[in-house]
Amino acid sequence: MSSRNKLFGQSMKRRMPGSSSSRYRAQMGQKHSQLLPTEDDEKQRLAQAAAQRREKRRKEGERIDKLFGYEKFDGKGTRRGWIFNILPTTVSSSTGSNDDNGDDPEAPSGLERSGLDMYLLTQENNTFKCTVLYRPYFYVLPASYTTEVESIISAMYRLYEPQLVHVEKVHREDLDEVNHLGHGKIGRLMLKLSFDNVQALKDVRDRL
């Protein structure tokens with residue numbers, strides 16, 4: 001009888017919370033939870049996959065344009081032509097293009113920039129294309145009584161980097177303002193938020 005009680009007691013001890021098997025299960029559970037992808041990891045994976053698909057489509061479009069006689073202007077020298085078509089595009093920073101806004105030479109490789117493919121016709125009846133990069137933007141209208149504009153700008157950089165590239169203070173005419181065309185009017189203070197591409201603009205806009 002005593003031996004049975006002893007065996008029964010030993011089996012109960014193996015199931016107590018502080019036992020080695022419980023610690024093993026807890027450790028395995030922690031390791032398993034660390035291996036699970038987070039929501040940010042999943043978003044980053046989807047964004048990278050979408051960028052790869054856009055780059056693939058862009059290269060295929062370049063190939064087709066070349067077949068139809070639209071050689072891409074390399075930016076060397078000067079060419080004159082009349083624009084007859086414009087298409088939006090997304091260009092990787094590793095791909096050469098014409099940038100009237102000034103490309104950042106220290107931009108990380110693979111960074112996507114929004115651009116416009118411009119198709120032109122020369123006086124000699126030849127065709128070519130060029131890509132002009134730009135930074136999409138939208139305006140944020142602070143409350144008229146706000147005085148801490150610099151604090152708002154700092155908070156935007158802190159919350160929305162690296163998608164947000166630049167915040168600029170500008171003045172624009174408010175058509176709802178009384179006598180907005182009057183003498184001495186400089187317009188309403190607004191914040192111009194600029195981005196590298198349209199997708200980054202949409203991400204920040206949806207979070208505001």
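The first residue in the sequence is number 1, and the count goes up from there.
- Note that CD of E112 is 12.0 Å distant from CG of L133, once rounded to the nearest 0.5 Å.
- For the atom pair S194 OG and L164 CG, the distance stands at 8.0 Å (nearest 0.5 Å).
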Query - Full working for side chain to side chain contact (heavy atoms under 4.5 Å, CB included) between K129 and L120 - result: CA-CA 6 Å; K129 63 176 288 189; L120 301 99; 5.6 Å; no
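- Taking CD of Q123 as the reference point, atom CG of N126 lies at 11.0 Å (rounded to 0.5 Å).
- Side-chain polar atoms of Y119 and D65 form a donor-acceptor pair below 3.5 angstrom.
- Residues Y139 and R172 have side chains that bring a donor and an acceptor to within less than 3.5 angstrom of each other.
- In terms of heavy atoms, T89 sits closest to L116 at CG2-N, 4.0 Å.
- Hydrophobic clustering keeps L87 apart from V91 (ILVMFWY residues linked when any side-chain heavy atoms are closer than 4.5 Å, directly or through intermediates).
- Taking 4.5 Å as the limit, every side-chain heavy atom of E173 sits out of range of all side-chain heavy atoms of R188.
- Of the inter-residue distances, the one linking K66 atom NZ with R63 atom CZ reads 11.0 Å to the nearest 0.5 angstrom.
- Two residues are said to be in side-chain contact when any heavy atoms from C-beta on lie closer than 4.5 Å; L111 and S92 fail this criterion.
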Requested in this report: Go through the steps for V140 and M190 under the test side chain to side chain contact (heavy atoms under 4.5 Å, CB included), then give the verdict.
Outcome: CA-CA 6 Å; V140 172; M190 295 184 180; over 6 Å; no
Report task. Determine, step by step, whether K169 and E150 satisfy the salt bridge (charged side-chain N to carboxylate O under 4.0 Å, His left out) criterion, reporting the C-alpha distance in whole Å, the side-chain angles of both residues, the deciding distance to 0.1 Å, and the verdict. Result -> CA-CA 10 Å; K169 292 188 292 185; E150 296 298 333; 2.8 Å; yes
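- Few gaps surround NZ on K192; more than 12 heavy atoms of other groups in view lie less than 6.0 Å from it.
- Heavy-atom contacts from other residues, nucleotides or ligands closer than 6.0 Å to CZ of R207 number more than 12.
- Counting non-hydrogen atoms of other residues, nucleotides and ligands closer than 6.0 Å to CZ of F68 gives a total of 12 or fewer.
- Note on ring orientation: taking the six-membered ring where Trp is involved, the planes of F128 and F73 are perpendicular (angle over 60°, cut-offs 30° and 60°).
- In this structure, the separation between CG on L159 and CG on L208 is 9.0 Å, given to the nearest 0.5 Å.
- When all heavy atoms of L189 and L141 are compared, the closest pair comes out as O-CD1, 3.7 Å.
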Query raised in the report: Please walk me through it: do T127 and T122 pass side chain to side chain contact (heavy atoms under 4.5 Å, CB included)?
Result: CA-CA 6 Å; T127 56; T122 67; over 6 Å; no
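- Annotation: side chain of V149 is in contact with side chain of L191 (closest heavy-atom distance under 4.5 Å).
- Cluster annotation: V204 and L201 are assigned to the same hydrophobic cluster (Ile/Leu/Val/Met/Phe/Trp/Tyr, side-chain heavy-atom contacts under 4.5 Å, transitive).
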Report task. Go through the steps for M156 and L193 under the test side chain to side chain contact (heavy atoms under 4.5 Å, CB included), then give the verdict. Result -> CA-CA 9 Å; M156 286 185 173; L193 280 60; 4.0 Å; yes
Report task. Go through T90 and N197 one step at a time and tell me if the side-chain hydrogen bond (donor to acceptor under 3.5 Å, both in side chains) criterion holds. Result -> CA-CA 7 Å; T90 303; N197 52 69; over 6 Å; no
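- Placement of F84 and I86 in two distinct hydrophobic clusters is found when ILVMFWY residues are connected by side-chain heavy-atom separations under 4.5 Å, directly or transitively.
- Atom CZ of residue R158 and atom OG of residue S151 lie 9.0 Å apart, to the nearest 0.5 angstrom.
- D196 is listed as a side-chain neighbour of R135, based on a closest heavy-atom distance under 4.5 Å.
- Put simply, Y160 and V167 are part of the same group of oily side chains (I, L, V, M, F, W, Y) that touch within less than 4.5 Å, one to the next.
- More than 12 heavy atoms of other residues, nucleotides or ligands sit less than 6.0 Å from atom CD of E60.
- S114 contributes a side-chain N or O that, together with a main-chain N or O of V198, makes up a donor-acceptor pair within less than 3.5 Å.
- Test F138, Y137, Y134 against F195 for ring pair (Phe, Tyr, Trp, His ring centres under 6.0 Å) and you get one pass: F138.
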